[in-house]
Amino acid sequence: MASSEAEPDLKSRQSHFEQGVAISLHLWLSLTVAVQNNLGGPDSDDKRDWFAGAVVDMFPSFVDLAKPRKPSQKVPQDPDVEDVEATLLQVMWDEFETNVDDDSEVEVAERIVKARAECAAGNFEFVEDLRRRWMATKGKTVKVQEVDGGDQETDWESDDDEDESDEDDDVEMGEAPALVAVSKERPPPEVDEDGFTKVMRKKR
């Protein structure tokens, strides 16, 4: 059957897209620093994986898009890049208490949208390039330094160049991010100072 032959390809496209989102978030230095400092709580690393799952859920699954629909049923649409940017900023503030003011969310959102378009076309080279960039960070850490004006400078540093006294200020990047398919469960909701609990929107 043609549909059964196409199904593995659709699953592969979806899997690569999910990996692209997860890697994009792991490459986002603002999020890495937030995780390093446990700004999302003691489970900040797991919350980053949930974050990737929440972003993936904004996009309809390639497998679901291929399913037959009644004429009256609308085909789900992808969010635009501005929606992705807004979600990145919202989650960073709500879940990691981080106000991103360096416009880095723009690059991350564009990267995610590009990964989506490339995977939709069956081209996985862009995701593989992201993976190579991620692998290049293995064995390195993120160094945060204060600069004039109270801002932070964040750079990749090799472990070989670090002093032992700096270990508490660094974050080990560790292994490549797990597939977000196993990390989509939302961590316990957090209540802000005004007593409000934020419920994230998910699209299908």
Exercise. Is the backbone N or O of Phe62 less than 3.5 Å from a side-chain atom of Gln14, with the two atoms forming a donor-acceptor pair by type?
Worked result: yes

For this session: Look up atom CG in Asn37 and atom OG1 in Thr32, then write down how far apart they are to the nearest 0.5 Å.
Result: 11.0 Å

Problem set entry | Closest approach of Arg13 to Ala120 (non-hydrogen atoms, all atoms of both residues) | NH1-O, 2.7 Å

Problem set entry | Verify same cluster id: Val81, Met92 (apolar side-chain graph, 4.5 Å) | yes

Problem set entry | Given Val84, Val56, Asp78, Val21, the one that forms side-chain contact (heavy atoms from CB on, under 4.5 Å) with Arg116 | Asp78

Exercise. Is there a side-chain contact between Arg133 and Thr137, using heavy atoms and a 4.5 Å cut-off?
Worked result: no

Exercise. Would you call Asp64 and Pro76 a side-chain contact if the rule is heavy atoms closer than 4.5 Å?
Worked result: no

Problem set entry | From NZ (Lys11) to OG (Ser61), nearest 0.5 Å | 10.0 Å

For this session: Find the distance between CZ (Phe96) and CG (Asn38) and round it off to the nearest 0.5 Å.
Result: 10.0 Å

For this session: Heavy atoms only: give me the nearest Phe59-Val55 pair and the separation to one decimal.
Result: CD1-O, 3.4 Å

For this session: Answer whether the closest heavy-atom distance between the side chains of Glu85 and Leu89 falls below 4.5 Å.
Result: no

Exercise. Taking only residues two or more places apart in sequence, or in another chain, which ones meet Glu118 in a side chain to side chain contact (heavy atoms under 4.5 Å, CB included)?
Worked result: Lys114, Asn123, Phe126

Problem set entry | Side-chain heavy-atom pair Asp45, Lys47 within 4.5 angstrom cut-off | no

For this session: Can you measure from CG (Asp49) to CG (Leu25) and round to the nearest 0.5 angstrom?
Result: 9.0 Å

Exercise. Are Ser15 and Gln19 close enough that a side-chain donor and a side-chain acceptor fall under 3.5 Å?
Worked result: yes

For this session: Using the six-membered ring wherever Trp is involved, compare the ring planes of Trp28 and Phe51 and label them parallel, tilted or perpendicular (cut-offs 30° and 60°).
Result: tilted

Exercise. Below 4.5 Å, heavy atoms only, C-beta onward: do Phe17 and Ile112 meet side chain to side chain?
Worked result: yes

Seminar exercise, completed: For Cys119 and Val127 the tightest heavy-atom approach is SG-CG2, 3.8 Å

Exercise. Which value, rounded to the nearest 0.5 Å, describes the distance between Asp103 atom CG and Ser30 atom OG?
Worked result: 10.0 Å

Exercise. Which heavy atom in Gly40 sits nearest to a heavy atom in Ser44, and how many Å separate them?
Worked result: N-OG, 3.0 Å

Exercise. Is any side-chain heavy atom of Val108 closer than 4.5 Å to a side-chain heavy atom of Leu27?
Worked result: no

For this session: Answer whether the closest heavy-atom distance between the side chains of Leu29 and Ser104 falls below 4.5 Å.
Result: no

For this session: For Val75 and Gln77, run side-chain contact (heavy atoms from CB on, under 4.5 Å): C-alpha distance rounded to whole Å, both residues' side-chain angles, the deciding distance at 0.1 Å, then the answer.
Result: CA-CA 6 Å; Val75 177; Gln77 300 297 313; 4.2 Å; yes

Problem set entry | Min side-chain heavy-atom separation Val113-Asp80 under 4.5 Å | no

Exercise. Which distance, rounded to the nearest 0.5 Å, do you find between the CD1 of Ile23 and the CG of Leu130?
Worked result: 6.0 Å

Exercise. Run the salt bridge (charged side-chain N to carboxylate O under 4.0 Å, His left out) check on Arg111 and Glu107 step by step: do they pass?
Worked result: CA-CA 6 Å; Arg111 186 185 302 154; Glu107 179 182 358; 3.0 Å; yes

For this session: Take Arg48 and Glu95 through the salt bridge (charged side-chain N to carboxylate O under 4.0 Å, His left out) test and state the conclusion after the steps.
Result: CA-CA 9 Å; Arg48 175 170 50 188; Glu95 303 294 346; over 6 Å; no

